[in-house]
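Structure, as structure tokens:
What you see is a predicted model; the values in this text were computed from it and never measured. Along the sequence shown, the residues carry numbers beginning at 1.
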Amino acid sequence: MKSTLQTKPFKRLLLTACAAAVLGTSLTACFPLLVGGVAGGALVAMDRRTSGAQLEDEGIELRSMARLRDNIGSRARVSVTSYNRQVLLTGEVLNENDKKLVEQVVSRVENVNGVVNELAIIDSPSLVQRSSDVLITGQVKALLIDAKDLYASAFKVVTERGTVYLMGRVTQREADRATEIARGARGVQKVVRILEIISEEEMQRLLPPMVKPAPAPRS
């Protein structure tokens with residue numbers, strides 16, 4: 001595995017820049033900021049979804065947000081995150097009816113296999129809370145990158161009101177290790193796993209031939 005001595009500062013700087021970019025834009029949709037950017041090619045190469053699944057996930061997010069704008073308008077703040085056709089809904093709605101409506105709208109989008117509805121029935125969070133969530137996400141991503149026994153690109157990280165959601169196709173060892181790391185991040189209230197557990201053998205098959213497997217920690 002390549003030494004991370006020189007790449008860590010760059011990766012941290014990249015994550016900080018991404019966090020700043022999010023703060024300057026609307027948070028009504030969650031899209032992978034790095035894909036297509038400086039690190040886009042590397043992330044796509046390490047992604048454990050097929051290229052078709054990645055495109056479908058992007059399409060699911062776009063179509064969901066468009067349909068929610070038509071059905072909900074501006075009375076809710078909803079983020080849609082899709083990983084391998086499994087959709088996570090986070091944000092705030094005004095009442096239970098809107099919460100159910102959002103789930104119904106998204107569940108009818110083409111290629112959606114399942115919906116995890118984590119919408120809260122509260123007023124929209126303050127800018128301070130939203131800024132804190134962005135910083136927590138950046139911190140968790142940086143910690144996953146620093147971990148020598150994990151592939152950070154195997155995880156998608158979403159934070160809402162201090163709760164960190166982990167999505168991805170990972171082994172049980174990776175799931176437990178990432179959960180431990182996320183719980184140790186400053187400001188994290190809870191960690192929720194929306195993970196597809198695969199075997200170690202399947203994980204090895206999904207890795208590109210040139211990638212050296214991340215070593216498991218010694219007992």
Side-chain angles (χ1 to χ4, degrees), residues 18 22 26-37 39-72 76-93 98-120 137 140-141 144 150-160 163-176 178-179 182 191-208 211:
C18 288
V22 172
S26 169
L27 295 185
T28 56
C30 291
F31 299 106
L33 294 176
L34 296 182
V35 174
L43 286 182
V44 171
M46 290 293 292
D47 201 306
R48 292 178 185 172
R49 295 170 292 176
T50 64
S51 58
Q54 294 177 57
L55 290 174
E56 285 182 355
D57 284 332
E58 291 181 13
I60 286 170
E61 292 174 348
L62 291 169
R63 288 191 294 272
S64 295
M65 294 308 302
R67 295 184 190 183
L68 288 175
R69 281 192 293 271
D70 293 339
N71 288 272
I72 301 293
R77 187 187 74 88
V78 181
S79 294
V80 179
T81 308
S82 180
Y83 189 96
N84 213 33
R85 307 177 186 90
Q86 179 82 358
V87 176
L88 168 66
L89 299 175
T90 56
E92 299 79 32
V93 292
D98 278 351
K99 181 176 181 178
K100 291 179 180 178
L101 177 59
V102 170
E103 182 172 343
Q104 289 172 358
V105 169
V106 174
S107 65
R108 294 181 184 134
V109 172
E110 296 87 341
N111 298 318
V112 170
N113 283 346
V115 176
V116 178
N117 192 344
E118 291 289 307
L119 291 169
T137 296
V140 171
K141 288 181 178 180
L144 291 175
L150 286 177
Y151 293 105
S153 58
F155 294 89
K156 182 173 284 190
V157 182
V158 177
T159 307
E160 195 72 50
T163 296
V164 172
Y165 299 89
L166 297 176
M167 305 179 76
R169 301 184 70 204
V170 298
T171 65
Q172 188 64 57
R173 177 190 66 80
E174 291 175 317
D176 294 341
T179 302
V191 177
V192 176
R193 306 198 304 194
I194 308 174
L195 299 168
E196 179 184 343
I197 302 300
I198 60 177
S199 67
E200 292 285 348
E201 292 75 16
E202 185 175 359
M203 183 267 284
Q204 298 297 331
R205 289 197 300 270
L206 291 171
L207 293 175
V211 177

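- If you run side chain to side chain contact (heavy atoms under 4.5 Å, CB included) between Val192 and each of Thr179, Val164, Thr163, only Thr163 comes through.
- Glu61 places a side-chain N or O within donor-acceptor distance of the main-chain N or O of Ser82, the cut-off being under 3.5 Å.
- Annotation for Val106 and Ser64: closest pair CG1-OG, 3.7 Å, computed over non-hydrogen atoms.
- The structure places CZ of Arg205 at 12.5 Å from CZ of Arg48, a figure rounded to the nearest 0.5 Å.
- A donor-acceptor distance shorter than 3.5 angstrom exists from the side chain of Ser107 to the backbone of Gln104, with no hydrogens or angles considered.
- Electrostatic pairing of Glu160 and Arg77 counts as a salt bridge here, judged by a charged N lying under 4.0 Å from a carboxylate O.
- At least one side-chain heavy atom of Val87 sits less than 4.5 Å from a side-chain heavy atom of Ile60.
- Minimum interatomic distance between Leu195 and Leu166 (heavy atoms only, all atoms of both residues): CD2-O, 3.4 Å.
- No side-chain heavy atom of Asn117 sits under 4.5 Å from any side-chain heavy atom of Lys100.
- Of the candidates Arg85, Arg49, Arg63, Asp57 forms a salt bridge (Lys or Arg N to Asp or Glu O under 4.0 Å) with just one, namely Arg49.
- The nearest pair of heavy atoms linking Met65 to Val78 is CE-O, 3.5 Å.
- In terms of modelled atom types and a separation under 3.5 Å, the side chain of Lys99 and the main chain of Val93 share no donor-acceptor contact.
- Counting heavy atoms from C-beta on, the side chains of Tyr83 and Glu196 never come closer than 4.5 Å.
- Salt-bridge formation is not detected for the pair Lys156/Asp47: no Lys NZ or Arg NE/NH1/NH2 atom is positioned less than 4.0 Å from an Asp or Glu carboxylate oxygen.
- Residues passing the salt bridge (charged side-chain N to carboxylate O under 4.0 Å, His left out) test with Arg67 are Glu110, sequence neighbours excluded.
- In this structure, CG on Leu150 lies 5.5 Å from CZ on Phe155, to the nearest 0.5 angstrom.
- The side-chain heavy atoms of Leu89 and Val80, taken from C-beta on, include a pair separated by under 4.5 Å.
- A salt bridge is defined here as a Lys NZ or Arg NE, NH1 or NH2 lying under 4.0 Å from an Asp or Glu carboxylate O, and Glu202 with Arg169 meets this definition.
- Atom-to-atom distance recorded for Tyr151:OH and Glu174:CD is 8.0 Å, nearest 0.5 angstrom.
- Within the model, atoms CD of Glu58 and CD of Glu56 stand 11.0 Å from one another, a figure rounded to the nearest 0.5 Å.
- Taken from CD1 in Ile194 to CE in Met167, the straight-line distance is 5.0 Å, to the nearest 0.5 Å.
- How far CG of Leu119 is from CG of Leu101: 10.5 Å, rounded to the nearest 0.5 Å.
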